[in-house]
Student: 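Structure below; questions to follow.
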Amino acid sequence: MSLQNAQFPRRSLLFMPGDSLRKIQKAAGWEVDTIIMDLEDGVAQNRKEAARETIAEALRTVAFAGRERLVRVNPINSGFLEAEIRATVAGRPDGYIAPKVEDAADLRLLDRILEQAEDAHGWPKGMLRLFAMIETARGIMNLRDIGVATTRLEGLIFGAEDLAGDIGAVRTKEAWEVFYARSAVVTAAAAYDLQAFDMIYADFHDLDGLEAESRFACRLGFTGKTCIHPNQTPVVNRVFSPRPEEVERAQRLVKTFAEQQAAGAGAFTFEGKMVDMPMLRAAERILTRAALRPPASAGSQ
Ligand code: COA
Ligand code: MG
């Protein structure tokens with residue numbers, strides 16, 4: 001797998017209500033890769049317009065020190081979408097998140113609106129990034145079309161709470177009720193060369209539970225996880241960064257693989273187990289992730 005947009009790891013993506021300038025300002029100082037200023041479900045109906053203004057102000061005034069700045073808009077059929085983009089785009093966010101994406105047409109419409117905004121500002125076409133939240137049964141069924149709807153799309157975000165509501169499942173800590181959908185999202189992301197982000201962990205006081213869920217998500221192939229509280233981002237960053245011993249083992253495996261290939265062996269024994277091409281790919285993936293630097297320390301802004 002090539003890690004899409006590989007110079008930019010997104011391990012932790014922190015949601016905050018778009019009408020809270022305080023939270024946006026605070027998040028700009030935290031250990032977080034991506035800041036998501038929300039206009040959708042984190043904002044009350046009667047605060048939607050205030051939130052647009054607050055996000056526009058934050059984009060103008062807050063020093064985000066290289067952290068990626070995304071805005072989550074309301075769904076296509078909400079009637080809010082165009083006004084939300086108009087109000088926030090001048091602040092030049094890095095991109096937008098579309099919630100409850102159900103089919104490719106949803107993303108194409110948003111793609112056109114973003115293209116018009118880029119034209120109007122004289123920005124390069126495709127500069128504004130796009131992410132799709134997959135959190136309905138129809139979204140899961142249409143992943144094939146959604147994944148290729150627009151080249152602007154950089155990642156899929158799995159939303160477990162909405163999905164559970166949509167299919168009539170009851171959320172549990174084990175999350176088996178959403179396992180099929182969660183796996184479908186990570187598989188589609190790999191198929192279409194997108195990054196995949198796992199669901200939020202709502203109980204933000206339970207950091208052990210968050211760590212266990214994050215480890216499982218990492219093993220499933222997710223590249224990062226959405227967060228709702230600043231307590232969560234250091235845990236998520238740690239889990240989604242390869243550990244030194246993993247990196248060291250991967251380096252040894254890659255070296256041994258090259259030696260074995262040169263000696264004419266495709267499969268061989270490494271630390272007591274059979275190793276062949278798939279394990280080489282897994283090791284290379286760890287090394288790619290280890291070489292990535294979060295945007296804050298890359299000094300991209
Ligand atoms: N982003 C930025 N700052 C946050 C934050 C977040 N997601 N969550 C909490 N903080 C800040 C708080 O403002 C507080 O700082 P302050 O006391 O200086 O104001 C500090 O971190 C500690 O917060 P705490 O008191 O533990 O939590 P809270 O009661 O203020 O907030 C929530 C709890 C759940 C309301 C809050 O975490 C939140 O808004 N989360 C995101 C909700 C959201 O966006 N949902 C939609 C997507 S799922
Ligand atoms: Mg949702």
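Atoms considered below: every heavy atom in the structure, side chains included; atoms not considered: hydrogens, waters and symmetry mates. It should be emphasised that the depicted structure is a prediction, and the values quoted were computed from it without experimental measurement. All ligand and atom numbering here is 1-based and tracks the order in the structure. In what follows, residues are counted from 1 in the order of the sequence shown.
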Student: Which heavy-atom pair separates G266 from F257 by the least distance, and what is that distance?
Tutor: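 Smallest heavy-atom distance, with atoms named: O-CE1, 4.1 Å.
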Student: Does a side chain donor of either T88 or Y96 reach within less than 3.5 Å of an acceptor in the other side chain?
Tutor: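 Yes.
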Student: Would you please name every residue forming a side-chain hydrogen bond (donor to acceptor under 3.5 Å, both in side chains) with E40, sequence neighbours left out?
Tutor: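 Testing E40 for side-chain hydrogen bond (donor to acceptor under 3.5 Å, both in side chains), a comparison that skips the adjacent residues, returns R72, K100.
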Student: Would you say N142 and E102 are linked by a side-chain donor-acceptor pair, where the criterion is simply a distance under 3.5 Å?
Tutor: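 Not at all, the side chains of E102 and N142 share no donor-acceptor pair under 3.5 Å.
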Student: Using only N, O or S atoms, tell me which atom of E135 is closest to the Mg ion (ligand 2).
Tutor: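 So the atom name we want here is OE1.
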Student: For S78 and P75, indicate whether the former's side chain and the latter's backbone hold a donor-acceptor pair under 3.5 Å.
Tutor: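 Judged by distance alone, yes, a pair lies under 3.5 Å.
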Student: Whether the T172 and E177 side chains hold a donor-acceptor pair (N or O, under 3.5 Å, no angle test) is what I'd like checked.
Tutor: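 Yes, a side-chain donor-acceptor pair sits under 3.5 Å.
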Student: Is the closest side-chain donor-acceptor distance between D166 and T136 under 3.5 Å?
Tutor: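 There is no such pair (donor and acceptor under 3.5 Å, judged by atom type) between the side chains of D166 and T136.
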Student: Identify, by name, the N, O or S atom of D162 lying closest to the Mg ion (ligand 2).
Tutor: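 Of all N, O or S atoms belonging to D162, OD2 is the one nearest the Mg ion (ligand 2).
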Student: Can you produce the list of protein nitrogen or oxygen atoms under 3.5 Å from a nitrogen or oxygen of ligand 1, alongside each distance?
Tutor:
unit_1	atom_1	unit_2	atom_2	d
ligand 1	7 (N)	F15	O	2.8
ligand 1	7 (N)	I228	O	2.8
ligand 1	15 (O)	K26	NZ	3.2
ligand 1	18 (O)	R22	NE	3.4
ligand 1	18 (O)	R22	NH2	2.5
ligand 1	18 (O)	K26	NZ	2.6
ligand 1	19 (O)	R22	NE	2.5
ligand 1	19 (O)	R22	NH2	3.4
ligand 1	23 (O)	H229	NE2	3.4
ligand 1	26 (O)	H229	NE2	2.7
ligand 1	37 (O)	I228	O	3.2
ligand 1	39 (O)	K23	NZ	3.1
ligand 1	40 (N)	I228	O	2.8

